[in-house]
Amino acid sequence: MMNRRVIFAAAAALAFSASAAAAQDWKAKYPELVFAKVPDENASGTTNRWTPLTEYLSRELGTKVTLRIANDYAAVIEGQRSGNIHIAMYGPSAYARAYIIGAKVEPFAIEVNGDGTKGYYSVLYVKSDSSYKDIKDLKGKNLCLVDPNSTSGNNVPRFAMDKMGIDPEKFFSKVVYSGSHENAVIGLAQGTCDAAFNWWNDEKESNLLRMERKGMAKAADFKIIMKSEQIVNSPMAYLGSLPADLKAAIKKAVLEIAVKDKAAFDKIYEGKQLPFVEVDHKAYEAVIDLTKFVDSIRKQKS
């Protein structure tokens with residue numbers, strides 16, 4: 001009778017061989033993977049923040065991972081629908097939009113705040129020396145939103161304003177899409193708008209605080225006059241059409257980056273966030289419903 005150890009060793013070798021062959025198959029088919037990040041900050045900031053992650057993924061996966069700098073949120077969404085962007089990091093509404101338009105994407109990792117929570121807020125900033133205390137004080141003024149596919153910079157604000165009976169295009173003198181969260185703050189600072197929506201985690205982290213650390217703004221120059229209910233944190237998603245072994249390898253690498261390459265992970269969040277954890281589509285069903293509702297508002301008014 002064949003020794004049981006020999007049988008187990010042979011089975012293990014066969015399994016390893018099959019796994020290695022599968023890996024070689026997807027590496028031949030995907031000599032390069034494209035990772036994209038929605039432009040919530042300027043191009044240089046996105047490059048500096050996310051390049052270490054793509055370099056880490058290249059090492060872990062054994063295939064080249066290229067960072068793509070998108071001009072707007074829609075470019076990332078369309079890139080995934082066309083299959084040209086294999087992995088994306090974006091806000092909840094951008095994922096919802098990708099899902100709604102038929103992109104075969106699967107969220108697999110979610111951001112985690114420093115306090116362990118998995119949510120953030122949309123806030124409305126005005127200059128701290130202004131007399132505005134409530135959004136209703138801004139009638140006839142200019143408003144900066146971020147991008148039509150931004151959760152905290154468009155969809156959540158529009159949903160909240162609709163509940164308050166405010167039609168932004170009629171209530172404000174002008175509604176401006178700034179293109180990024182940073183540009184919205186800059187627009188407010190320079191007087192392009194009198195108020196700007198933005199993302200805010202807590203008193204310790206927000207887009208405004210990131211800008212202050214980069215010398216782009218002073219947090220004390222602005223105050224919050226409106227804050228939303230908590231929004232589920234941003235997901236990272238890959239194409240559902242990728243081979244199962246490749247998806248498993250990507251997920252494993254992302255979930256382990258805080259341990260395997262702490263410097264790369266801290267570069268993304270400046271030491272303000274906890275490691276990514278696993279997530280799935282179910283976490284974003286409410287955001288998909290919200291996105292569809294905002295779409296319906298727009299259609300009713302067009």
Side-chain angles (χ1 to χ4, degrees), residues 8-38 49-68 70 76-77 79-92 94-99 102-112 116 118 232-269 273-285 287-288:
F8 284 160
L14 183 62
F16 177 80
S17 177
S19 175
Q24 289 305 315
D25 285 346
W26 65 252
K27 285 180 182 179
K29 187 176 180 180
Y30 298 95
E32 179 181 12
L33 295 170
V34 176
F35 177 97
K37 174 70 174 68
V38 294
R49 195 178 299 278
W50 293 92
T51 294
L53 177 137
T54 55
E55 292 174 343
Y56 161 79
L57 288 178
S58 295
R59 294 193 302 272
E60 290 296 304
L61 300 175
T63 194
K64 183 179 180 181
V65 180
T66 300
L67 176 65
R68 177 168 299 175
V76 177
I77 296 166
Q80 283 207 295
R81 180 163 69 168
S82 66
N84 295 322
I85 292 175
H86 305 98
I87 314 166
M89 185 77 210
Y90 37 35
Y95 165 71
R97 175 66 60 207
Y99 177 83
K104 306 302 181 184
V105 290
E106 299 174 5
F108 66 91
I110 185 174
E111 295 178 328
V112 182
K118 301 172 189 173
V232 63
N233 270 353
S234 297
M236 190 180 296
Y238 41 44
L239 295 181
S241 60
L242 294 178
D245 284 354
L246 175 53
K247 290 191 287 187
I250 294 170
K251 180 190 292 188
K252 182 175 186 294
V254 170
L255 296 181
E256 292 178 349
I257 185 174
V259 173
K260 288 190 171 181
D261 194 338
K262 187 174 185 299
F265 179 74
D266 286 346
K267 184 68 175 179
I268 302 171
Y269 300 112
Q273 302 264 103
L274 297 180
F276 291 108
V277 297
E278 192 169 354
V279 78
D280 59 25
H281 173 79
K282 188 174 179 62
Y284 298 95
E285 289 178 346
V287 180
I288 291 170

*Asks:* Would you say that Q80 contacts L239 through its side chain, given a criterion of any heavy-atom pair below 4.5 Å between the two side chains?
*Replies:*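 Side-chain contact under 4.5 Å: yes.
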
*Asks:* Looking only at non-hydrogen atoms, find the nearest pair between A109 and L255 and report the distance.
*Replies:*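 Closest heavy-atom pair between A109 and L255: CB-CD2, 4.2 Å.
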
*Asks:* Using the salt bridge (charged side-chain N to carboxylate O under 4.0 Å, His left out) criterion, which residues pair with E55? Sequence neighbours excluded.
*Replies:*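 Salt bridge (charged side-chain N to carboxylate O under 4.0 Å, His left out) check on E55 returns nothing, list empty.
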
*Asks:* Measure the CG-NZ distance between L242 and K104 for me, rounded to the nearest 0.5 Å.
*Replies:*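 The CG atom of L242 sits 14.5 Å away from the NZ atom of K104.
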
*Asks:* Kindly say whether V65 contributes a backbone atom to a donor-acceptor pair with the side chain of S58 at under 3.5 angstrom?
*Replies:*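 Yes, because the side chain of S58 sits within donor-acceptor range (under 3.5 Å) of the backbone of V65.
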
*Asks:* Calculate, to the nearest 0.5 Å, the distance between atoms CD1 and CG belonging to I110 and N233 respectively.
*Replies:*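 Reported value, rounded in 0.5 Å steps: 5.0 Å.
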
*Asks:* Kindly give the heavy-atom pair with the smallest separation between V76 and A70, and that separation in Å.
*Replies:*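 Taking every non-hydrogen atom into account, CG2-CB, 3.5 Å.
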
*Asks:* If we only count heavy atoms from C-beta on, is the V254 to L57 side-chain gap below 4.5 Å?
*Replies:*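 Sidechains of L57 and V254: in contact.
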
*Asks:* So do the side chains of V34 and N84 get within less than 4.5 Å of each other, counting heavy atoms only?
*Replies:*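 Side-chain contact under 4.5 Å: no.
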
*Asks:* Take Y95 and V287, measure what side chain to side chain contact (heavy atoms under 4.5 Å, CB included) needs, and give me the verdict at the end.
*Replies:* CA-CA 9 Å; Y95 165 71; V287 180; over 6 Å; no

*Asks:* By side-chain hydrogen bond (donor to acceptor under 3.5 Å, both in side chains), which residues pair with K247, not counting sequence neighbours?
*Replies:*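 So K247 forms a side-chain hydrogen bond (donor to acceptor under 3.5 Å, both in side chains) with E106.
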
*Asks:* Do you know which two heavy atoms are closest between P31 and A28, and how far apart they sit?
*Replies:*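 The pair with the smallest heavy-atom distance is CD-O, 3.7 Å.
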
*Asks:* Not counting sequence neighbours, which residues clear side-chain hydrogen bond (donor to acceptor under 3.5 Å, both in side chains) with R81? List them please.
*Replies:*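 Result, side-chain hydrogen bond (donor to acceptor under 3.5 Å, both in side chains) vs R81: E78.
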
*Asks:* Is there a side-chain contact between M89 and E111, using heavy atoms and a 4.5 Å cut-off?
*Replies:*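 They are in side-chain contact.
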
*Asks:* As an exercise, state the distance from NZ of K64 to NZ of K27, rounded to the nearest 0.5 Å.
*Replies:*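 Reported to 0.5 Å precision, the distance equals 16.0 Å.
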
*Asks:* Is it true that atom OH of Y56 has more than 12 heavy atoms of other residues, nucleotides or ligands lying nearer than 6.0 Å?
*Replies:*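 Atom OH in Y56 is crowded, with more than 12 foreign heavy atoms closer than 6.0 Å.
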
*Asks:* Enter the distance from K37:NZ to R49:CZ here, rounded to the nearest 0.5 Å.
*Replies:*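 If we round to the nearest 0.5 Å, K37:NZ and R49:CZ are 8.5 Å apart.
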
*Asks:* Taking side-chain hydrogen bond (donor to acceptor under 3.5 Å, both in side chains) as the test, write out the residues that go with K262, two or more places apart.
*Replies:*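 Once residues adjacent in sequence are excluded, the partners of K262 under the side-chain hydrogen bond (donor to acceptor under 3.5 Å, both in side chains) criterion are D266.
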
*Asks:* Between Q273 and V112, what is the shortest heavy-atom contact and its length?
*Replies:*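 Residues Q273 and V112, closest heavy atoms: CB-O, 3.4 Å.
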
*Asks:* Just to verify, what does Y269 make a ring pair (Phe, Tyr, Trp, His ring centres under 6.0 Å) with, not counting sequence neighbours?
*Replies:*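 Partners of Y269 under the ring pair (Phe, Tyr, Trp, His ring centres under 6.0 Å) test: F265, F276.
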
*Asks:* Measure across D261 and R59 and return the closest heavy-atom pair with its distance rounded to 0.1 Å.
*Replies:*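 What the structure gives for the nearest pair is OD2-NH2, 2.6 Å.
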
*Asks:* For the residue pair V279 and Y284, establish whether any side-chain heavy-atom pair is separated by less than 4.5 Å.
*Replies:*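 Side chain of V279 against side chain of Y284, heavy atoms only: contact under 4.5 Å found.
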
*Asks:* Do the rings of F108 and Y238 sit parallel, tilted or perpendicular, given the 30° and 60° boundaries?
*Replies:*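 Taking Y238 first and then F108, their aromatic rings lie parallel (interplane angle under 30°).
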
*Asks:* Once rounded to the nearest 0.5 Å, what's the spacing between atom OG1 of T63 and atom CH2 of W26?
*Replies:*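 That separation rounds to 6.0 Å.
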
*Asks:* Test: ring-ring contact (aromatic ring centres under 6.0 Å, His included). Region: residues 242-261. Which pairs qualify, not counting sequence neighbours?
*Replies:*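 Listed once each, the pairs would be none.
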
*Asks:* Can you find a heavy atom in the side chain of V105 that is under 4.5 Å from one in the side chain of Y90?
*Replies:*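 Yes - at least one pair of side-chain heavy atoms lies under 4.5 Å apart.
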
*Asks:* So, do I250 and F35 sit near enough that their side-chain heavy atoms are less than 4.5 Å apart?
*Replies:*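 SC-SC contact between I250 and F35 ruled out.
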
*Asks:* Would you give the length of the straight line joining atom CZ of R68 to atom NE2 of H86, rounded to the nearest 0.5 angstrom?
*Replies:*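 With rounding to 0.5 Å, CZ (R68) is 9.0 Å from NE2 (H86).
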
*Asks:* Could you pull out the closest heavy-atom pair between A264 and L53, with the gap in Å?
*Replies:*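 Nearest heavy atoms, A264 then L53: CB-N, 4.4 Å.
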
